[in-house]
Colleague: 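One structure follows; several queries about it will come next.
By convention here, the first residue in the shown sequence is residue 1.
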Amino acid sequence: MDFWKAIFGLVKRRLIGPPLAALALAAATLVFFLMPTTYVSTASMVLTTPATGGTLPSDPTKPLGLTNPLLQFSDGLRVTAGILILSMNAPEVAAELGVLPNDTTEITINDGRTNPNLLGISTNGPFVYVEVQSRSAATAQDVVVKAKQRVRRELTNRQQALKAPRSTFISIVDVVPSSTPEAKLSGKLTAAGGTLFLVFLVGIGIAYAMTQMRQGGRSADPARPSEGGGGPKEGASGAAAFSDAGAGADPLTGYPRVDTREAAEGPFHDDPEPLVVVIENEPFAHRDDDAGDTIVFMRASGRDDHEK
């Protein structure tokens, strides 16, 4: 949650969000106009049988009745359409039409499954669909015309190779003639949208990283000693050598510091006067050595003295 709050905060900043959005929009516009335009031309055809049907009468004097070709679609026509589609997708046929590998011109020949208008009926009819994409409108239309001629020639050659009677030849007619090439903008819009998203995302990422680096530098402990050494320097004041609680040894006597501000135990706990400690070199009466330290506790006012 904190991450997304930081991201939204960066976007709302006047010096980050609006300039970054303008930069992403400018980059997307540039990509849209720099990408080449693709033109698409299509054609749809269907196979039909002759009006006399696919058979000849055994007695020439008794001809068969005539039928409507639009009522004679059968599995045989769909199989023939499949044969034509397979033969047209051969690499040598594409080269004959002027479509080379790794070229900017692409050709698609199928039963209409890639055409939304034929998607629902392509499984019921013997359709042959041709689609050409090229960066040149003239090239796209020219290849479609050549492909249609090549399909018709392929159908005729195969029927002649099988020695089918001429009167029973399957014909192929246009459902939708060769269309005028149209500019296809989906590729350009996709590239522009991807550029817009990428530039904005990278910019926000850089701004977030820089913000985190600055915050990390500010949160570093400035009082931490350097690697060269630690502790107070020589000649510093005595107050810096001891903690705030008064711990440490007295530099004059060598004895531990005593905080007289706290309540003390003994006969002077109720006396607000300061306590003076005097050290004298006098022998103890009960000791055999010649000298000793005598510690005398007395009040500054001199009202009560206590010797130990």
Side-chain angles (χ1 to χ4, degrees), residues 1-44 99-110 112-120 122 129-141 143-144 176 179-233 240 243-244:
M1 185 63 68
D2 294 339
F3 170 77
W4 291 111
K5 286 183 179 179
I7 294 297
F8 290 140
L10 290 174
V11 173
K12 291 179 181 179
R13 288 187 183 180
R14 202 165 44 174
L15 297 179
I16 296 179
L20 190 58
L23 177 62
L25 186 61
T29 304
L30 183 64
V31 169
F32 179 83
F33 285 105
L34 288 181
M35 279 201 66
T37 304
T38 301
Y39 296 91
V40 181
S41 180
T42 61
S44 299
V99 180
L100 302 176
N102 302 323
D103 195 7
T104 57
T105 302
E106 298 179 0
I107 184 170
T108 301
I109 300 177
N110 54 33
R113 64 187 62 191
T114 57
N115 185 359
N117 298 326
L118 294 176
L119 186 60
S122 61
Y129 175 72
V130 180
E131 178 180 307
V132 177
Q133 298 184 14
S134 179
R135 294 181 181 178
S136 172
T139 301
Q141 192 167 22
V143 172
V144 168
V176 178
S179 63
T180 303
E182 297 180 357
K184 185 178 180 181
L185 300 179
S186 59
K188 300 180 69 172
L189 292 175
T190 302
T195 302
L196 176 69
F197 177 76
L198 183 61
V199 171
F200 191 80
L201 183 64
V202 171
I204 286 294
I206 294 175
Y208 178 78
M210 294 180 64
T211 303
Q212 293 300 314
M213 291 174 62
R214 291 181 179 178
Q215 290 180 355
R218 292 176 182 175
S219 62
D221 188 6
R224 188 172 63 182
S226 62
E227 298 179 358
K233 291 185 178 180
S243 64
D244 295 337

Colleague: Work out which heavy atom in R13 is nearest to a heavy atom in P18; give both atom names and the distance.
Modeller: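 Between these two residues, the closest heavy atoms are O-CD, 3.2 Å.
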Colleague: What closest approach, in Å, do T190 and S186 show between heavy atoms, and which atom pair accounts for it?
Modeller: OG1-O, 2.8 Å
Colleague: Compare all side-chain heavy atoms of E182 with those of V40 and state whether any distance is below 4.5 angstrom.
Modeller: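 No. Closest side-chain heavy atoms not under 4.5 Å.
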Colleague: Enter the distance from I16:CD1 to T211:OG1 here, rounded to the nearest 0.5 Å.
Modeller: 5.5 Å
Colleague: Which heavy atom of K188 sits nearest to which heavy atom of F32, and what is that distance?
Modeller: CE-O, 2.7 Å
Colleague: Which heavy atom of V199 sits nearest to which heavy atom of A24, and what is that distance?
Modeller: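 That would be CG1-CA, 3.7 Å.
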Colleague: Do you know the tightest heavy-atom contact between L10 and I204?
Modeller: CD1-O, 4.3 Å
Colleague: Between CG of L189 and CG of L185, what distance do you get to the nearest 0.5 Å?
Modeller: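 That separation rounds to 5.5 Å.
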Colleague: Just by distance, do the side chain of S41 and the backbone of S179 share a donor-acceptor pair under 3.5 Å?
Modeller: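 The answer is yes, because a donor-acceptor pair under 3.5 Å joins these two groups.
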Colleague: How long is the straight-line distance from CG of L34 back to OG1 of T29, given to the nearest 0.5 Å?
Modeller: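 That separation rounds to 10.5 Å.
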Colleague: Closest approach of F200 and L20, non-hydrogen atoms and distance?
Modeller: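 Taking F200 first and L20 second, the nearest heavy atoms are O-CD2, 3.6 Å.
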Colleague: Can you tell me how far apart OG1 (T37) and NZ (K184) are? Round to the nearest 0.5 Å.
Modeller: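 The NZ atom of K184 is 12.5 Å from OG1 of T37, to the nearest 0.5 Å.
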Colleague: Could you measure the distance from the CD1 atom of I109 to the CD atom of E131? Nearest 0.5 Å is fine.
Modeller: 11.0 Å
Colleague: Would you indicate whether the side-chain heavy atoms of S44 and Y129 approach each other to under 4.5 Å?
Modeller: yes
Colleague: What distance do F8 atom CZ and K12 atom NZ have between them, rounded to the nearest 0.5 Å?
Modeller: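 Nearest 0.5 Å value for the CZ-NZ distance: 8.0 Å.
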Colleague: Passes side-chain contact (heavy atoms from CB on, under 4.5 Å), N115 versus T42? Steps please.
Modeller: CA-CA 9 Å; N115 185 359; T42 61; 6.0 Å; no
